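What follows is a single structure, written as structure tokens, with notes after it.
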Amino acid sequence: MSENSIETLMNEERTFDPPEEMLENSNITAQQYEEACRIADEDPEKFWAERARELLLWKRDFKTALESDPEKNEYKWFAGGRLNASENCLDRHLENGKRNKAALIWQGEPEDEVRVFTYHMLHRKVCRFANVLKKMGVSKGDRVAIYLPMVPELVISMLACARIGAVHSVIFAGFSAVSLQSRIIDCDAKILIAADGVLRGGKTIPLKRNVDEALFECPSVEQVIMVKRTGDEIDFIEGRDTWWQDEMAAPDIEDYCKPESMRSTDPMFILHTSGSTGKPKGIVHSTGGYMTITAHTSQWVFDLKDDDVHWCTADIGWITGHSYTVYGPLALGATTLLFEGVPTYPRPDRYWEIINRYGVNIFYTTPTAIRSLRREGSQWTEKYDLSTLRILGSVGEPINPEVWIWFHEHIGKGKLPLLDTWWQTETGGILISPLPYVGKLKPGSTGHALPGIKTAIVRSDGSEASANEGGHLLITEPWPGMLCTIHNDDARYRRTYFERFPGSYETGDGARIDEDGFHWIMGRLDDVINVSGHRLGTTEIESALIAHPDVTEAAVVGIPHDVKGQSVYAYVTLRSGLDQDDETRTALCNWISEKISPIAVPEAIQFSEGLPKTRSGKIMRRILRSIAVGGTEFGDTSTLSDASVINDLIEGQKVLF
Ligand code: 6R9
């Protein structure tokens, strides 16, 4: 069978209608949606220009929506326009009646630690911290690295950078010293903002050691501003380190800082991608395009109203937290919730307790979190009244239909729209997603591309795939919020995203579009397994395994096979207390044969208690592939959230063969 016919065997047929009673008050009705699609088709630039003007405060209007140079793959959004992201998220709300409403609710890991900032309070803190940065000599265009846990100072630091036009580069606090160092060096940061430690699952994890180790070889960093979180003893390096609270309390720091007038095309931040493959890329986003896509999608996809409490559980060290904890909700003047802890501590009801406590309206999370909570059982969800919820969202990896159904049934009570949103660090905001009150939902599908976003599925030779045929997912027209480049590596930017399929942006994901125009993401293309010429998406097999009542988590990889080219190797986590024996293996093989096809039946099933995941919850298949073939070299494992699972997996593999 030719390489071009990526086959997909997933045939999910259940559909769910949007709740009609909500339609009336929604930000976008079915009719408005049709109209938006029409305008966006006829004149996409006009569509985006209208959205940008409607959603943002421009200090100077832009001349053109898009200036493009396809030769260089340069796409400049809203050129000539001037704005400031922090002013858009804060100042303008002070004058429109929101001064005293909650902008940010922070729930610390300890249940009694809560801090609430009104727009007035957040504005004042951001201005003061912006003045601290200025006093340290930070100016427009300088890079500031931020290595903080999920505390309010993280949000304040980002907005303060945006206020003075400094480019922030947030580095996830779970990263090791090595990852921290390579990211700081890559962006050449002048200042580092860090904390003494992190509270996680009832423990404290030291951070300052990583800082000192990383800064051994980061000559660009002049000062380190330290936030006190755990209070643990740290080595304080006089002259280089200073305390956040001392800097903020200094008598010469004023309460107001004028927002810098930024060009729409000026870089706003750098964020390194998760590093599941190769050297991390410093994705650069520009101000006007990025702010437009985050505000736009918050308003349309999440139907966000300014009296909503919006909770995105993703860490801010990841793009989802940037766009949907910080910039999107604050640009629209809503209340955003920031949670420091983990879903299962002190009990597996933590998420549901928080939703109940703060009356959360929109809840956006990851399949990994939902899978782990599903594993704990639905009894935890039943303890709380979750009736304030209006919209549920999922992001980051394919959500298996069974997990979707569980989330929809137990949290959405069988009626709330559950939106599976597809996007990437590079895209800035959501590009493919259902809208909550428009059209049907299909569990496991990310729905249609949003108005103004054009997608295509192509075969390896660039020809368009037919309906339901899997292939490369491309975005064929530029959109606001698309990355401007890879920091310091324009050539890699062009090579990675535009070389293989000229004229389009290559996402690196495999997908198919069904006869109704719904997108089904099959996972990264490097996760596709080719068994006897049949291309099987890892997701499909994993979804089928997870649909088995005994299984809570599964990951599959391809391993070389003499006859079939590749065969399927499955890692399976069973519900607690079940027998990890050959009988269960046979049952699972029969199940796969029945649910997908005999082609997809795993050659080997290894039972495992945990899987290697990045901090953002993505399974590192590279490591699983290596373990499956008896390998012991795993390359860079610094992005793993828990490296100890590797040894257990190696032992498990040895027993199997
Ligand atoms: C936002 C974010 C991007 C990659 C992307 C894809 C996977 C994201 C998904 C999804 C299936 C979804 N991905 N959303 N896969 N369904 N709804 O996750 O950004 O960390 O850059 O990852 O995540 O493979 O290419 P990022």
Side-chain angles (χ1 to χ4, degrees), residues 8 10 12 170 172 174 270-278 280-285 290 293-294 297 301 312-325 327-328 364-371 392-401 403-404 407 418-434 441-450 455 470 472-475 481-483 486 496-497 505-513 518-528 537-540 542-543 613-622 639 641:
T8 175
M10 184 149 72
E12 177 61 48
V170 178
F172 179 66
I270 297 173
L271 183 63
H272 291 87
T273 49
S274 64
S276 326
T277 46
K281 299 173 279 202
I283 303 300
V284 182
H285 279 290
Y290 177 77
I293 199 77
T294 53
T297 49
V301 177
C312 164
T313 66
D315 197 285
I316 293 178
W318 185 28
I319 188 70
T320 307
H322 278 60
S323 301
Y324 299 108
T325 298
Y327 292 109
Y364 190 33
T365 191
T366 60
T368 295
I370 297 300
R371 279 199 296 267
L392 307 176
S394 170
V395 63
E397 28 165 353
I399 181 163
N400 325 88
V403 176
W404 193 102
F407 191 13
L418 164 47
L419 314 171
D420 183 2
T421 62
W422 180 92
W423 58 295
Q424 307 176 300
T425 306
E426 293 88 337
T427 70
I430 298 165
L431 297 192
I432 308 174
S433 169
L441 302 171
K442 298 189 186 185
S445 164
T446 56
H448 296 260
L450 296 180
T455 58
H472 302 263
L473 172 65
L474 308 182
I475 315 293
M482 67 191 292
L483 77 164
I486 294 176
T496 312
Y497 304 110
Y505 166 86
E506 182 184 357
T507 66
D509 277 3
R512 69 183 167 98
I513 300 181
F518 282 67
H519 292 64
W520 299 81
I521 308 296
M522 297 161 69
R524 301 293 305 178
L525 272 178
D526 40 17
D527 293 343
V528 171
T538 46
T539 313
E540 300 163 32
E542 287 163 5
S543 290
K613 288 188 183 161
T614 64
R615 325 277 176 169
S616 59
K618 290 187 192 8
I619 294 169
M620 288 181 89
R621 290 202 170 68
R622 175 165 60 81
T639 59
S641 66

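As the structure lists them, so they are numbered: ligands from 1, and atoms in each ligand from 1. It should be emphasised that the depicted structure is a prediction, and the values quoted were computed from it without experimental measurement. Because only heavy atoms are used, hydrogens play no part in the values below, and waters and symmetry mates are left out as well, while side chains stay in.
For ligand 1, the polar-atom distance check finds no N/O of Ser394 at less than 3.5 Å from any of the ligand's N/O atoms. For a threshold of 3.5 Å applied to N or O pairs, the pair formed by Thr421 and ligand 1 contains at least one separation below that value. Geometrically, ligand 1 and Trp318 share a nitrogen or oxygen pair separated by less than 3.5 Å. Considering both main-chain and side-chain atoms, Thr425 comes within under 3.5 Å of ligand 1 through a nitrogen or oxygen pair. The shortest N or O to N or O distance between Thr273 and ligand 1 is not below 3.5 Å. At a 3.5 angstrom cut-off on N or O pairs, Gly396 counts as close to ligand 1. No N or O atom of Thr446 sits closer than 3.5 Å to an N or O atom of ligand 1.
Between the choices Gln424, His519, Glu426, Lys618, the shortest heavy-atom distance to atom 22 (O) of ligand 1 belongs to Lys618.
Within ligand 1, the atoms closer than 4.0 Å to a non-hydrogen atom of Asp509 are 5 (C), 6 (C), 24 (O), 25 (O), numbered from 1 in the order shown. Every atom of ligand 1 with a heavy atom of Thr320 under 4.0 Å away is listed here by number and element: 1 (C). Residue Ile319 approaches ligand 1 through these ligand atoms, each under 4.0 Å from one of its heavy atoms: 1 (C), 19 (O).
Listed for the Thr614 side chain is a donor-acceptor partner under 3.5 Å among the backbone atoms of Lys618. With hydrogens and angles ignored, the 3.5 Å screen pairs no side-chain donor or acceptor of Tyr324 with any backbone N or O of Gly429. Under the 3.5 Å distance criterion, the side-chain polar atoms of His448 are left unmatched by any main-chain donor or acceptor of Pro434.
Thr446 is linked by a side chain to side chain contact (heavy atoms under 4.5 Å, CB included) to Asp420, Trp422, Ile432, His519, Ile521, counting only residues two or more places apart in sequence or in another chain. Partners of Tyr497 by ring-ring contact (aromatic ring centres under 6.0 Å, His included), not counting sequence neighbours, listed by chain and number: Tyr505.
For the atom pair OG1 (Thr496) and CD (Glu426), the distance works out to 8.5 Å, reported to the nearest 0.5 Å.
Checking Glu397 against Thr368 by side-chain atom types alone, a donor-acceptor pair falls below 3.5 Å. Using modelled atom types, one finds no donor on one side chain facing an acceptor on the other under 3.5 Å when comparing Tyr364 with Thr320.
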